[in-house]
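Report on one structure; see the data block that follows.
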Amino acid sequence: MMPALDSRSSDGVRSVIGCDAGFIYDDRILMLVLLTERMIVQRRLAAILVADVVGYSRLMEVDEEGTLAALQHRREQLIHPLISTWHGRIVKLMGDGVLAEFKSVVDAVSCAAAIQRGMAAQNEAEATGPGLELRIGINLGDVIVQDDDIYGDGVNVAARLEGAAAAGSICIARSVYDQVRHRLDLTYQDLGALQVKGLQEPVHAYAIHIAEHQSNASGRHPPPPRPEDARGSIVVLPFESLSTDTEDMYLADGIATEIVAMLSQVPDLRVISHAASTGRRQDDPWRAVGGLGARYVLTGNVRRAGERVRVFVELAEAADRSQLWSATYDRRFADLFDLQDDIAEAIVVAFGGELLRAEWRRASKRATDSLDAWGLVQKAKSMNLPVSGRGAIDEALGLAARAVESDPQYAGAHACFASILMQRMINRHGSDPEQDRHQARAAIERAVELAPNDPAVLRTLGNVMSYCGQHQKAVDAFRRSVAIAPFDFHSWGRLGRTLAYGGDAGELEEGHAILDRILANAPSHPMVPYWLSFKANAYAREHHYEEAARFARKSVDAQPGYAGAWLTLAYALDQLGRSEEAREAKERARRANPAMASVDLSSEQDGAPTADRYVS
């Protein structure tokens with residue numbers, strides 16, 4: 001017997017199927033329609049992790065109580081917290097196993113590696129325990145969602161990969177390997193094609209042997225990728241503003257910057273932002289393209305008239321400027337975010353087709369829906385603060401504060417506010433540096449809560465932690481940023497700086513190697529003056545003052561208004577006994593930033609020149 005229908009539901013369906021027009025219906029048909037509506041399948045793309053204990057049945061036979069207690073302890077103290085830390089969700093526990101899903105493939109593999117390292121460490125520490133070992137399988141695939149559970153081939157493949165993994169290792173699908181091979185410093189073994197029960201096509205798999213990786217004598221993290229490692233490379237040149245209102249200049253830069261951020265979500269695509277991020281514009285930005293090593297160039301212009309905005313974009317070959325694709329977008333200003341999405345998506349499809357578009361859509365997430373907040377952040381970012389005076393920094397800080405007020409859920413606004421506070425402290429423009437440091441830390445911690453996987457937010461976190469004296473937290477933040485966006489040389493530069501400034505001998509060597517690599521790979525990058533200054537300060541810390549002076553001189557030649565580099569040059573020259581040249585360099589620092597006049601070049605803090613504190 002069919003259950004009675006809710007009268008409101010049945011009336012609605014009667015209306016939809018046209019009963020009032022004379023069609024015949026009965027409650028069984030209506031119930032079928034309603035049940036069908038409720039059973040619409042929900043699907044999503046996910047990174048699926050499956051893990052279980054090796055030889056669990058044997059361990060239970062030997063020591064049932066001890067095995068259960070050890071498993072429960074590992075779950076509570078290691079496995080579950082790590083899944084949470086890497087932004088995963090435990091779908092369900094299955095006896096000795098666990099099924100979890102992640103929005104990010106990098107997070108899933110990073111979590112799995114951390115779990116295996118933790119399991120090995122605890123086994124070593126608990127020599128008398130049962131010695132639990134895990135097998136882990138990870139797949140990237142489509143899943144069916146029902147209530148809180150997930151089903152489908154994506155889950156089945158992950159389970160089969162887990163079964164193929166060796167004890168203490170991880171087995172990943174080719175789709176996972178393609179996303180992490182340049183992003184995570186792990187040892188990968190090609191297992192070839194594996195037959196998976198229930199699937200006609202074999203699955204290409206790779207093994208990650210954590211124990212072997214841990215015993216690697218070098219113990220090094222991966223260096224910055226080379227340009228040839230990328231699927232493709234594109235430089236986004238500054239967009240030209242055609243608006244008559246000079247206040248709209250930020251709009252052109254902001255659109256270009258947002259497109260860079262969106263394209264940076266594409267796996268293995270090297271995206272370069274040129275002068276749009278520096279506040280410097282050139283008559284012919286194409287002149288620098290050759291030195292950036294990009295294959296493609298994106299240019300554009302923006303015109304705003306009242307409540308309308310028109311954006312023209314063109315994708316061209318860098319070698320001969322031949323046009324590959326162009327489009328004009330004419331929208332309401334209120335639809336600006338949709339316009340930016342459309343441009344980025346069109347470029348993504350041009351590079352990698354529909355498969356890459358699906359991955360980009362999964363990874364990308366709109367940072368804010370508030371045009372006001374977005375516009376305020378873009379205005380603040382356009383002020384080129386490392387070489388700006390007190391007035392510009394205070395103005396930018398006010399803009400960022402208004403952006404936070406306009407949209408408190410906008411991580412980019414909190415990160416911008418934190419970054420400007422740190423810039424004010426570095427340039428000695430504030431009256432209370434400790435208060436600035438405290439507020440900056442609170443702001444960036446809020447930004448990370450809102451956007452834990454945003455590379456720019458993580459880069460700002462690293463900067464703030466560095467200036468708060470939290471060396472390891474800074475290094476961790478930068479490493480996570482470059483793992484998510486491996487072709488973001490800006491973050492690589494910050495990582496190199498932090499390692500070279502505050503680490504041990506091994507980190508100092510790695511920091512120099514990173515800075516050397518990115519200087520070679522991106523000689524025309526807008527951050528080059530700062531990377532040169534980082535090298536100079538690293539050499540000053542090692543008391544290699546000739547090299548420090550040489551790199552500081554290169555830095556100020558490239559960016560004459562950079563007070564921190566002038567100060568580093570002054571310090572190095574002073575240590576070399578070249579007092580007159582040191583006084584001249586310090587005067588140049590004072591002209592660039594009057595607050596630098598009071599710096600005592602002879603003092604040191606923790607073995608580092610005082611000048612370090614004023615290098616952005």
Side-chain angles (χ1 to χ4, degrees), residues 182 220-230 233-236 260 264 270-278 280 282 285 287-295 318 384 386-387 455 459 462-463 466 474-475 478-479 481-482 485-503 506-542 544-562 564-569 572 611-612 615-616:
H182 291 312
R220 294 289 180 81
H221 292 267
R226 299 163 301 179
E228 56 266 30
D229 292 333
S233 54
I234 180 172
V235 57
V236 181
V260 167
S264 295
R270 179 173 174 244
V271 185
I272 308 162
S273 174
H274 186 40
S277 65
T278 69
R280 293 179 290 115
Q282 301 179 19
R287 286 184 300 177
V289 167
L292 295 172
R295 181 175 178 183
N384 195 23
V387 294
R459 183 172 66 236
N463 289 336
S466 179
V475 170
F478 289 130
R479 290 205 192 281
S481 178
V482 298
F487 290 96
D488 177 10
F489 287 159
H490 193 167
S491 291
W492 277 111
R494 292 294 180 173
L495 174 59
R497 171 198 181 279
T498 304
L499 291 169
Y501 282 17
E507 287 190 339
L508 175 63
E509 182 182 353
E510 184 187 358
H512 271 301
I514 287 173
L515 293 170
D516 289 342
R517 180 91 172 241
I518 60 177
L519 283 166
N521 286 350
S524 297
H525 195 284
M527 286 298 294
V528 162
Y530 305 98
W531 298 340
L532 292 167
S533 180
F534 298 163
K535 287 280 291 183
N537 277 275
Y539 279 123
R541 284 177 169 268
E542 300 170 77
H544 298 324
Y545 300 116
E546 288 286 359
E547 285 297 286
R550 185 167 70 87
F551 276 93
R553 178 67 69 182
K554 286 184 176 182
S555 177
V556 297
D557 286 346
Q559 177 70 292
Y562 186 14
W566 279 113
L567 200 60
T568 302
L569 177 60
D612 279 356
V615 179
S616 66

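No hydrogens, no waters, no symmetry mates; every other heavy atom, side chains included, goes into these values. Numbering of residues begins at 1 and proceeds along the displayed sequence.
- Here R459 contributes atom CZ and W492 contributes atom CH2; the two are 13.5 Å apart, rounded to the nearest 0.5 Å.
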| message | Walk me through whether F489 and M527 qualify under side chain to side chain contact (heavy atoms under 4.5 Å, CB included). | response | CA-CA 9 Å; F489 287 159; M527 286 298 294; over 6 Å; no
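- When all heavy atoms of A549 and L569 are compared, the pair lying nearest together is O-CD1, 3.6 Å.
- For the atom pair NE2 (H544) and CZ (R550), the distance works out to 12.5 Å, reported to the nearest 0.5 Å.
- Rounded to the nearest 0.5 Å, atoms CG (L567) and CG (N537) are 9.0 Å apart.
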| request: Please test F551 against T568 for side chain to side chain contact (heavy atoms under 4.5 Å, CB included), starting from the C-alpha separation and ending with a verdict. | output: CA-CA 10 Å; F551 276 93; T568 302; over 6 Å; no
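- To the nearest 0.5 Å, atoms OG1 (T498) and CD1 (I514) are separated by 9.5 Å.
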| Candidate pair V482 and D488, rule side chain to side chain contact (heavy atoms under 4.5 Å, CB included), full reasoning | CA-CA 7 Å; V482 298; D488 177 10; 5.7 Å; no
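- Listed here is the closest heavy atom pair of A565 and V556: CB-CG1, 3.6 Å.
- The cationic atom of R541 (NZ for Lys, CZ for Arg) lies less than 6.0 Å from the six-membered ring centre of Y501 and within 45° of the ring axis.
- Side chains of H512 and E507: no donor on one and acceptor on the other come within 3.5 Å.
- Residues D516 and K535 form a side-chain contact, since some pair of their non-hydrogen atoms from C-beta on lies under 4.5 Å apart.
- For the pair Y539/Y545, no side-chain contact is recorded, criterion being any heavy-atom separation below 4.5 Å from C-beta on.
- In this structure, S466 contributes its side chain and G462 its backbone to no donor-acceptor pair below 3.5 Å.
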| task | Show your working on salt bridge (charged side-chain N to carboxylate O under 4.0 Å, His left out) between E510 and R479 and close with a plain yes or no. | result | CA-CA 13 Å; E510 184 187 358; R479 290 205 192 281; 3.1 Å; yes
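- How far CG of L499 is from CZ of F478: 9.5 Å, rounded to the nearest 0.5 Å.
- The minimum heavy-atom distance linking A572 with A548 is given by the pair CB-CB, 3.9 Å.
- No donor-acceptor distance shorter than 3.5 angstrom exists from the side chain of R497 to the backbone of F534, with no hydrogens or angles considered.
- Remark: side-chain polar atoms of W566 are paired, donor with acceptor, to backbone N or O of P560 under 3.5 angstrom.
- At distances below 3.5 Å, not a single donor-acceptor pair connects side-chain atoms of S533 with backbone N or O atoms of P529.
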